There are 2 protein chains.
Amino acid sequence: MDETGFATHDHSGCIEAGLARAGRICAAAGARLTPLRRQVLEILLAEHRALGAYEVLEHLRQNGHPAQPPVAYRALDFLVRHGLAHRIERLNAFVACSHSGRDHAPVFLICRACGAVAEAGWQPGAGQIGAAARAHGFRVEAVVAEALGTCPNCRAAAP
Amino acid sequence: MDETGFATHDHSGCIEAGLARAGRICAAAGARLTPLRRQVLEILLAEHRALGAYEVLEHLRQNGHPAQPPVAYRALDFLVRHGLAHRIERLNAFVACSHSGRDHAPVFLICRACGAVAEAGWQPGAGQIGAAARAHGFRVEAVVAEALGTCPNCRAAAP
DNA sequence: TGATAAAGGGTTATATTATAACATATCAAG
DNA sequence: CTTGATATGTTATAATATAACCCTTTATCA
Ligand SMILES: [Zn+2]
Ligand SMILES: [Zn+2]
Ligand SMILES: [Zn+2]
Ligand SMILES: [Zn+2]
């Protein structure tokens, strides 16, 4: 699957492909993609934006699955641990991963206007952050990189 | 003032210099560094790590200034708006700025073991994030870059 | 100067995000 | 089946953050 970025596209394909890929990843990892976890992933895949845990919970309830907060947090934690979703720190929210299965460090492009999130891959060790870490004798284990701005669709709508 | 990074140093100098610099910056900007705001900045400057708003509040109270949460949040918001402190999204916490006065985009190196935070400057537009944004037609307005890992001191202590 | 507007701070209450703790259910082996 | 491990259900509560209101201080200007 290619970068969808902010371009319009056949979105039902995103959902199906994402679920199928998640199934393969979990099978390969010996992890259990239970109906609940699969449903939460489907909720995230249904949008190219980040959802708060309580938004996910609300979707679950609307889908006929009444649940309490820990249910949503645990499912989201599973998805994040297995690389099927990411947590966006800036938003206290979660987004389905666009590159699941590939070992990658994500950088998120978050549109202030419409909330859309695009995920780009990068090499944290290669660029300026890696250089800064080496200069400080710091060993990097994980990087959060989140850019806020405006996506091309929103700039076209209100330039 | 130079990068202190994770190196040991005369820390009382950090506090005095930081307060003096903040005074100059606020005077130049026509902003009011009131006693409360100055006290909160001093609390942050006293540590090279990020403090949660409620930790700041606790320090305020111990310093003989009983206060409610909005007091801490408003002072922290002032400091962040004027570039005297930064919010670390990953930690829901705040840290005194090491580069205040200079126009800069910060990248934070956060030690998992001891909580120390070093702040390095970078050029978000120049590297991979800028390239990714351009490739997506995305206009970047602000970047959060936070690296978690281990600082040289902690690696020396427990390699 | 005194009136008035603007900004800061004090306080209460409440919203939002997240987790601890424990009970029950389901699953995988042996 | 039994048993240990994993997953889910549920209650309560912790941790983080803000809305709204009121009063005081500071700045502006007639
Ligand atoms: Zn899509
Ligand atoms: Zn947009
Ligand atoms: Zn210092
Ligand atoms: Zn350390």
Side-chain angles (χ1 to χ4, degrees), chain A residues 22-23 26-44 49-61 63-82 84-95 110 115 144 146, chain B residues 22-23 26-44 49-61 63-82 84-95 110 115 144 146:
Chain A
C26 289
R32 291 166 53 196
L33 187 61
T34 62
L36 172 64
R37 290 164 172 174
R38 186 184 170 88
Q39 194 180 351
V40 170
L41 177 57
E42 190 167 1
I43 288 167
L44 292 184
R49 67 182 191 91
L51 294 181
Y54 282 73
E55 284 182 283
V56 169
L57 199 53
E58 184 55 34
H59 280 276
L60 276 177
R61 289 168 174 165
N63 294 356
H65 188 129
Q68 299 303 315
V71 170
Y73 279 101
R74 286 191 291 229
L76 289 166
D77 181 62
F78 172 89
L79 297 175
V80 169
R81 275 185 349 251
H82 289 83
L84 304 173
H86 298 285
R87 178 182 163 86
I88 309 286
E89 297 293 339
R90 179 73 182 239
L91 304 177
N92 294 331
F94 300 84
V95 68
I110 307 163
V144 172
E146 301 168 2
Chain B
C26 288
R32 291 167 50 198
L33 187 63
T34 62
L36 173 64
R37 291 165 172 174
R38 186 183 170 87
Q39 194 178 353
V40 169
L41 177 58
E42 189 168 1
I43 288 166
L44 292 183
R49 67 183 191 92
L51 294 181
Y54 281 74
E55 284 181 283
V56 169
L57 199 53
E58 184 56 34
H59 279 277
L60 276 177
R61 289 169 174 165
N63 294 356
H65 187 129
Q68 298 302 316
V71 170
Y73 279 101
R74 286 191 291 229
L76 289 166
D77 181 61
F78 171 89
L79 296 176
V80 169
R81 278 191 338 259
H82 290 83
L84 305 173
H86 298 286
R87 179 182 163 87
I88 309 286
E89 297 293 339
R90 178 74 180 239
L91 304 177
N92 294 329
F94 300 83
V95 69
I110 307 163
V144 172
E146 301 168 3

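Keep in mind that this is a model prediction, so the values were computed, not measured. Here is how names work: the chains are called A, B, and so on, in the same order as the sequence lines, proteins then strands, and each is numbered from 1.
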Tell me, for nucleotides 13-24 of chain D in 5' to 3' order, what letter each nucleotide earns: B for a base near a protein heavy atom under 4.0 Å, S for only sugar-phosphate near one, - for neither?
---BBBBB----

Produce a footprint string for nucleotides 25-30 of chain C: one letter per nucleotide, 5' end first; B if the base is under 4.0 Å from any protein heavy atom, S if only the sugar-phosphate is, - if neither.
--S---

Hey, are the side chains of B:V40 and B:V71 touching, using non-hydrogen atoms and a 4.5 Å cut-off?
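B:V40 does not reach B:V71 side chain to side chain.
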
When you compare the side chain of B:N63 with that of B:R61, does any pair of heavy atoms fall below 4.5 Å?
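Of all side-chain heavy-atom pairs linking B:N63 with B:R61, none is under 4.5 Å.
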
Check [X] against [Y] and note the closest heavy-atom contact, atom names and distance.
| X | Y | result |
| --- | --- | --- |
| B:L57 | B:Q68 | CD1-O, 3.6 Å |
| A:H65 | A:L36 | CE1-CD1, 3.7 Å |
| B:A93 | B:A50 | CB-CB, 3.6 Å |

Rounded off to whole Å, could you give me the [atom1]-to-[atom2] distance for the [X] and [N] pair?
| X | N | atom1 | atom2 | result |
| --- | --- | --- | --- | --- |
| A:Q68 | C:dC22 | CD | P | 18 Å |
| A:H65 | D:dT8 | NE2 | P | 8 Å |
| A:R90 | C:dT16 | CZ | C1' | 17 Å |
| B:L33 | C:dA7 | CG | C1' | 15 Å |
| A:E89 | C:dT17 | CD | C1' | 12 Å |
| B:F78 | C:dA7 | CZ | P | 13 Å |
| A:R37 | D:dT6 | CZ | P | 11 Å |

Short side-chain to backbone donor-acceptor contact, A:R37 and A:R32, under 3.5 Å
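Such a contact is found between A:R37 side chain and A:R32 backbone.
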
Would you find a donor on one side and an acceptor on the other, under 3.5 Å apart, between the side chain of B:E146 and the backbone of B:E89?
yes

Under the salt bridge (charged side-chain N to carboxylate O under 4.0 Å, His left out) test, residues paired with A:R81 that sit two or more places apart:
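Once residues adjacent in sequence are excluded, the partners of A:R81 under the salt bridge (charged side-chain N to carboxylate O under 4.0 Å, His left out) criterion are A:D77.
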
